[in-house]
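Take a look at the structure below.
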Amino acid sequence: MTEWTEKYRPESLSDVRGNNKSVEELEEWAEGWSEHREPALVYGAPGVGKTSAVHALAADRDWRVVEQNASDSRTADAVEKVAGEAARSQGLGGGRTLVVLDEADNLHGNADRGGSSTVTEIAKEAEQPMVLIANEEREMSGAVKRACQKIEFADVTKRSIVPVLRDLLQEEGVEYESEALDEIAEANSGDLRGAVNDLQAVAEGRSKLTVEDVEVTGGRDREEEIWGFLDTLFKGDDMEKALREVMDVDESPDDLVHWIDEGMPKVYSGAELVDGYHWLSRADVYLGRTIATQNYSLWRYANSCMVGGVHSARQESKGGWTRYGFPTTWRKLGQTKKSRGLRDSAARKVGESSLMSMAAARDLAFPYIELLMEDETQARRIADGLDLTAEEVAELTGMDEDEASELVEEDVQEVDEDEWEGFVDDRDEDDQSTLGSFD
Amino acid sequence: MFQAKINAGLLQSSIDAVGVFVDECKVRVDSEGLSVKAVDPANVGMVELDVPADSFDSFEADDELLGLNLTKFDDIIGMAKAGDVVALELDPETGKLKIQIDGLRYTLSLIDPESIHQEPNVPDLDLPGEVVLAGAEINRGIKASGMVSDHMAFGVEDKSFYMSAEGDQDDVRVDLTEDEVISLTAEEDARSLFSLDYLESMSKAIPSDAQVTLYVGSDFPVRMEFELQGGDADVSYLLAPRIENE
C-alpha cells in the first residue's frame, strides 16, 4: 500500500498546494543562488509541505538531492560527513547538489551539543545550495539564522485543504459528501499531510465517503497507534525499532508507563514479568524525578528503561494477537478521585493543627487518628477540634455518610458540655473522696 | 540461485574496498561473477567492484540482486582464518544468505535492495592525466597530506605527477617524474582538490603492492583503478572534487 502523501507528492513547485508566497520565495532563492550563495532556512509547522516543496524545487531545477533527515544517524560527526562533504564537493556526475538537512531544529542542543555549531559551520561554508528545514524557527541558533535566508511556510488553511482532498478523491475515484471533507480539514486544521493521511485512512477502498465514516474513525487512531507500538515492544525482535517507534507514539512517558504496565502481564510470564516490572519501576523512578526536578530531559531515561528494559526482559519469542486494554490505573484514579480529595483535605487539617505537611499527616498521623476515631466520643471530639466535614469523617472512619453527618452535626457545644460535665463530675467525686479522706 | 566458494582473504579485501564508502550495498551476481556498485550517502565517492566467476573456487549463479549489510558481513567474514574457504549460498525459500566457514554456519538476513541508496549515473569522463604507480606511493602521499590539512590535490604538470596539501601552517608536496612512476601520460596540465577524509579511508583499501592507475582532470573527479590479490578482483574508485573557493 502506497501512502497517498507519497503517491501524490508534488513533482514540481507549481504542484505544491498552499503557501504560494513561500513557494515563490523558494523559487527566487534558488534562482539567485549562484549570486548570493546563501543557504535557506525553511520553517513552519509539521505537514505544511516544506519538505515536499524543497524536493519539488530540486526536481524542477534538475538538482541532485543529498538529504539527511531525523531517521538517519545525526551526530555532529555524521552531519559533517554527509551534509558537510556534500556541501563542499562537486558531487559525482556534475551539476548542482541540493543539500537538505531536514528537522534541523532537532539537532540543536539535543542529544548532541556539537550539532548546532557544526550546522552553522557547514551552512556558512557551503559551496552548494543548502536548505535547512525546521519546525520551530526559534529553536535554531542565532548564528544559523543570521547565515540563512529565512522562508516561512504558514499553516495550510482549512479552505486550502478541502480542494486538495477533493482532487485526491477524484483521482482515486471515490465519491464523497463535502461535509466529510470539511470534517477532516477541520480536524487537521493547518496540517495538510495529516489531512491527507486521515483521508486515506477513511476513504481508501471505499466507493463513497460519508460524514459518518469520518466521525466513526475519530479518536480511534491514537489507540491503534499505541497497540502497534506495544506489539513491537512485547513481541518484536528489534529493540532499536521499539525505541524508534516510541517517539512516534502520541503518549507522554508518564502515560505510556501505564499502557506498558497494563499490557505486560498479558504477554510476558514468569521471570520475564519480574525483570519487566523491575525495569518499569526504574522508569517510574525517573518519572518521579522528572516531576520533582522539572527537568524533562530525564524523560529519556524513563523511556530507555520502560522500552529498552522491558524489551530486554523477554526470554522467549512471543506472538499471536493480544487485546491490550486501556490502562485501568486511570479508571481507578477516576473512581477514587473524590475519596483521595477528601483524604487530602482531612490530612491538610490534621497537618495544620499538628504542624506537619499534608503528606506527613497522611502517612504518619492517619493510622493513629483512624484508631482513635473508632471510639465515637473521641471521633466527635476530633471532628470538632479539626473542623472536619461529614464526608471527611466518613472517609477516615469508614462510617456511612448518614452516621458521619449525624456525628458532626450533633450540637457540639452540648456534646462538649455533657462530656465535660461527666468528666468533671467524675473528678469531683474523686476529689471529694480524696478531700474527704484528707479531712 | 547463487552458490559460491571463495578464498577468505579475497573476500575480506573485497569487502574492505567497498566498505570505504558504504555500510550497505547491492550485490549483483550473474553467470559472469559478482559485482558491486555503490555510492556514499553524500554522493561524493563511488566504488565499483568486480570479482569474475573464475576467481571463485566454485561459482554458480543466476541473475540475483542481494541487499547486503556490509558491517555485519564484515564481522562474520572476520571469523575466518587466512586460507579458509568461505561458502556462500542464497536460500531460495527464506531469501537469506547462508555463510559457512570451517564448520561455522551463519544465516544472514538480507536487506531489501530497493531501500539502498541509488547510485548516480556518472557520465564517461575525459580525464587528461593518466599515471600508473605503486599503491605505496599514493598511500604515502595521502598520509603525509593528512598531517597538514583536510584536503589535498592530485595533479600533473611538466611531465610529472604530484600530490600536495596546504595547511594553515605547513605544506606538503610529493613530486614524481615520468621516470619515477610506472607510466605517465598527460595531454595537458591538470589539478583537482579532494577531501582527505575520503582519501584516507580509500588508502586503507589500496594494497601497497598493487599497481594503481590514476586518472586526473581539472576540477574533475579522480578515478583510481587497481586489482586485488594479483588480479582476482578489480576495484575502481571515483571521487568527486572539492569546490575550490576563490
Side-chain angles (χ1 to χ4, degrees), chain A residues 2 6 33-39 55 58-59 62-102 118-119 121-130 236-238 240-241, chain B residues 20-24 37-48 69 71-72 109 111 114-127 149-152 191-202 217-223 236-246:
Chain A
T2 0
E6 283 301 324
W33 187 83
S34 2
E35 301 299 318
H36 60 69
R37 299 177 74 86
E38 282 174 355
H55 280 265
D62 216 3
W63 287 355
R64 183 185 321 103
V65 176
V66 167
E67 182 177 18
Q68 231 170 358
N69 58 36
S71 58
D72 300 324
S73 125
R74 299 232 296 191
T75 57
D77 222 30
V79 172
E80 164 58 32
K81 262 207 158 73
V82 179
E85 290 289 356
R88 278 191 300 266
S89 164
Q90 263 183 30
L92 290 163
R96 284 239 183 279
T97 305
L98 180 64
V99 183
V100 180
L101 202 56
D102 211 343
T118 308
V119 171
E121 206 64 23
I122 296 171
K124 275 184 175 167
E125 289 173 7
E127 302 283 344
Q128 296 278 10
M130 178 165 180
D237 297 329
D238 190 349
E240 250 184 89
K241 185 173 171 220
Chain B
V20 164
F21 289 141
V22 290
D23 296 330
E24 47 190 47
K37 187 173 183 182
V39 65
D40 88 300
N43 194 51
V44 172
M46 185 167 85
V47 56
E48 285 170 88
N69 179 330
T71 322
K72 267 195 204 172
S109 300
I111 314 169
E114 291 290 310
S115 72
I116 296 173
H117 195 64
Q118 189 67 34
E119 66 269 18
N121 286 322
V122 178
D124 279 341
L125 301 166
D126 186 17
L127 300 167
S149 182
D150 67 350
H151 54 273
M152 70 177 288
R191 177 183 176 277
S192 302
L193 200 65
F194 301 95
S195 166
L196 267 162
D197 252 0
Y198 284 85
L199 287 172
E200 280 170 346
S201 3
M202 283 156 67
S218 291
D219 288 327
F220 260 79
V222 64
R223 183 186 290 282
S236 165
Y237 283 137
L238 192 65
L239 183 65
R242 283 274 188 101
I243 295 174
E244 283 191 73
N245 31 15
E246 336 40 67

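Convention: sequence-line order gives letters A, B, ...; per-chain numbering from 1. All figures in this text were calculated on a predicted structure; none of them were measured in a lab.
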Check your understanding: Among B/Val44, B/Leu125, B/Val39, which one satisfies side-chain contact (heavy atoms from CB on, under 4.5 Å) with A/Leu92?
Key -> B/Val39
Check your understanding: If you take all heavy atoms of A/Gln128 and B/Ile243, which pair is closest and at what distance?
Key -> NE2-CD1, 3.5 Å
Review point. Quick one: of B/Pro221, B/Gly45, B/Pro241, B/Pro41, who has the most non-hydrogen atom pairs under 4.5 Å with chain A?
Key: B/Pro241
Exercise for review: Side chain from CB out, backbone as N, CA, C, O: work out which of these in B/Asp219 comes under 4.5 Å of a heavy atom of chain A, or both, or neither.
Suggested key: both
Review point. How many angstroms lie between atom CD of A/Gln90 and atom CG of B/Asn43, to the nearest 0.5 angstrom?
Key: 12.0 Å
Revision key, fill the gap. Shortest non-hydrogen pair, B/Ala42 vs A/Lys81, comes out as CB-O, 4.1 Å
Practice item. Side chain from CB out, backbone as N, CA, C, O: work out which of these in B/Phe194 comes under 4.5 Å of a heavy atom of chain A, or both, or neither. Key: neither
**Study point:** Heavy-atom side-chain proximity of A/Glu127 to B/Arg242 below 4.5 angstrom
**Key:** no
Exercise for review: Quick one: which of A/Val66, A/Val99, A/Thr97 has the most heavy-atom pairs under 4.5 Å with chain B, could you say?
Suggested key: A/Val66
